[in-house]
Protein chains: 2
Amino acid sequence: MSMSPAITITNLIWSFDRDLQCVNLLLVRRANAPFEDFWALPETTMRETESADAAALRLVREKIGLKLAGFHTEQLATFTHPNRTPDQRTLSLAYMTFLPEMPPLTAGYGAVDARWFTLHTPDHQYDFENGKFHFTATTINSQSAYYQQLATRKAKPKLALAFDHDWILKVACDRIRNKLDYQPNILLILGDTFTLKEARHIFADFQQISVDEIDNSNFKKNHRNVFSLVGTSSSKRPGRPAKVYRLNDLQTEQDN
Amino acid sequence: MSMSPAITITNLIWSFDRDLQCVNLLLVRRANAPFEDFWALPETTMRETESADAAALRLVREKIGLKLAGFHTEQLATFTHPNRTPDQRTLSLAYMTFLPEMPPLTAGYGAVDARWFTLHTPDHQYDFENGKFHFTATTINSQSAYYQQLATRKAKPKLALAFDHDWILKVACDRIRNKLDYQPNILLILGDTFTLKEARHIFADFQQISVDEIDNSNFKKNHRNVFSLVGTSSSKRPGRPAKVYRLNDLQTEQDN
DNA sequence: TCAATAGTGTCTCTTAGACACTATGAT
DNA sequence: ATCATAGTGTCTAAGAGACACTATTGA
């Protein structure tokens with residue numbers, strides 16, 4: 001009677017550019033229809049014997065050919081609206097992965113290109129930019145309103161992300177922001193150790209404010225339960241070298 | 001190549017017993033294999049044209065034959081571990097529904113019985129009880145450890161919930177607890193209006209403490225942004241009648 | 001008027017935020 | 001020495017928690 005819908009694993013892969021002090025997101029350019037040649041979040045299908053979590057991790061390796069020891073992946077949400085795909089009904093199980101470094105990318109299966117897009121947040125938008133391309137997480141706050149406009153979205157310009165990925169992106173950014181103060185897993189993109197300024201950079205990005213608006217002294221106090229001091233950095237730049245911290249083990253609601 | 005797994009919608013349906021001042025959860029006794037005659041969370045399959053959210057709402061109506069105007073449903077998580085079902089690989093998209101009242105139940109399709117189970121929290125467990133039956137959310141904190149023991153769980157006693165439902169229950173209770181202080185949607189089971197004591201009852205249950213350990217004065221102060229005063233109750237019992245409050249509109253991360 | 005229930009006021013201790021000051025390194 | 005960067009100390013105001021006190025009802 002009711003045909004089972006197709007299932008894709010969608011993975012939002014984050015990293016940090018230490019030179020530019022910027023948050024980055026991995027997008028791929030699709031090789032196949034639907035949305036051929038559009039930029040999109042990386043996706044894959046689940047295999048018979050693996051969990052969705054495992055599929056999300058496999059996706060990381062396939063897209064970037066990376067053999068990192070361990071990286072943190074967590075569930076974001078599941079997207080099920082009938083309008084979210086133009087053709088066959090498809091569910092998206094969305095995950096987020098926080099890479100401890102920013103490796104070079106090579107387009108894998110199903111993609112003609114794969115690039116890091118840098119997060120900028122001018123006037124209360126989440127903007128992702130790479131050269132001439134830039135994509136924005138939707139500013140629509142209501143799920144039903146979003147999918148309504150998606151259904152009537154004429155003449156899909158290549159300037160937009162495929163499917164409902166600009167909605168998924170919004171949900172992801174909001175989630176990261178909401179978790180900043182009690183479980184800032186996004187800081188895992190800083191690798192093992194980081195300076196307070198680097199952490200403040202990431203907080204500022206997702207709170208859509210400037211780094212200077214976060215007082216270093218207060219920031220340190222407020223997160224003394226989350227970070228631990230491990231040493232002092234040796235910088236080659238003028239100024240006093242910063243101390244480096246590591247993220248404490250965070251108790252998670254749903255541990256792996 | 002890879003066969004698409006089956007998909008079920010699992011719904012955790014909560015209500016509040018005003019007489020006993022207790023939180024209740026809906027469980028059904030399964031009519032069919034697998035886990036025939038076991039108690040379980042209510043489940044359904046998704047239809048071709050509806051979103052998972054809509055399916056979760058339909059499930060509420062089917063299970064309890066209720067035509068309530070509107071009740072709040074939100075996504076909990078998606079459970080995908082290969083071991084979670086004994087036979088065909090099945091994903092569970094889990095939702096939570098907060099009913100504004102506690103209607104009588106009639107077992108619907110796929111169930112031979114449907115009952116409210118009362119939440120009790122002795123010594124840091126989440127216990128759900130109805131007469132001679134009682135079920136406990138797992139106390140295992142790690143997902144991988146849970147599914148490992150599930151695979152080797154011999155001689156499934158009818159004292160246990162079907163499938164991985166004791167794990168889903170744990171994730172649900174933890175989530176509700178974590179959201180108490182900033183988005184206590186669980187209070188929607190109190191209906192339109194409620195007394196502070198009723199709210200404290202629910203908080204105490206999920207925090208696994210006694211009501212008296214939550215000071216009324218402080219509780220009121222701490223949640224003045226979340227509740228609004230609407231009037232005074234007219235009780236027939238001795239003692240000063242309590243004032244009644246309503247839950248303010250909460251901004252949600254992913255609005256409907 | 002008393003028991004039972006519930007609401008209010010207030011004191012203290014902790015913490016968040018603003019901001020001035022000190023420390024360290026490169027040139 | 002001075003600039004650039006970063007870490008520390010401190011004052012104040014807001015908030016959390018403990019707890020005593022007042023208020024309103026039924027019997």
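Letters go in sequence order (proteins before strands), and every chain restarts at 1.
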- Query: Is the Phe117(B)-Phe135(B) ring centre distance short of 6.0 angstrom?
  - Reply: yes
- With a 4.0 angstrom cut-off to heavy atoms of chain A, pull out the first and last contacting nucleotide of DNA chain C, in 5'-to-3' order. dA16(C) to dA26(C)
- Task: Go through the structure and list residues passing salt bridge (Lys or Arg N to Asp or Glu O under 4.0 Å) with Asp164(B), not counting sequence neighbours.
- Result: Arg84(B)
- Item | Residues that Lys179(B) engages under salt bridge (Lys or Arg N to Asp or Glu O under 4.0 Å), provided they are two or more places apart | Glu74(B)
- Message: Between Asp205(A) and Thr121(A), is there a side-chain donor-acceptor contact under 3.5 Å, judged purely by atom types and distance?
- Response: no
- Query: Of all residues at least two apart in sequence or in a different chain, which pass the salt bridge (Lys or Arg N to Asp or Glu O under 4.0 Å) check with Asp17(A)?
  - Reply: none
- Note on the structure: For residues 219-231 of chain B, the salt bridge (charged side-chain N to carboxylate O under 4.0 Å, His left out) pairs (sequence neighbours left out) are none
- Residues from residues 186-212 of chain B lying under 4.0 Å of DNA chain D - heavy atoms: none
- Message: Going by the rule side chain to side chain contact (heavy atoms under 4.5 Å, CB included), which residues pair with Ala137(B) if we only count those two or more places apart in sequence or in a different chain?
- Response: Tyr126(B), Leu169(B), Lys170(B)
- Identify, residue by residue, the members of residues 237-245 of chain A with a heavy atom below 4.0 Å from DNA chain C, and return them in order of residue number, or none. Arg237(A), Pro238(A), Gly239(A), Arg240(A), Pro241(A)
- Message: Any carboxylate oxygen within less than 4.0 angstrom of a Lys/Arg side-chain nitrogen, looking at Arg18(B) and Glu101(B)?
- Response: no
- Could you tell me which residues satisfy side chain to side chain contact (heavy atoms under 4.5 Å, CB included) with Leu57(A), sequence neighbours excluded, listed by chain and number? Arg61(A), Phe71(A), Thr73(A)
- Excluding sequence neighbours, so at least two apart, what forms salt bridge (Lys or Arg N to Asp or Glu O under 4.0 Å) with Asp127(B)? none
- Ring center gap for Phe133(B) and Phe128(B) short of 6.0 angstrom: no
- Under the side chain to side chain contact (heavy atoms under 4.5 Å, CB included) test, residues paired with Arg240(B) that sit two or more places apart: none
- Nucleic acid contacts of residues 214-222 of chain B, taken as heavy-atom distances under 4.0 Å to DNA chain D: Asp215(B), Ser217(B), Asn218(B), Lys221(B), Asn222(B)
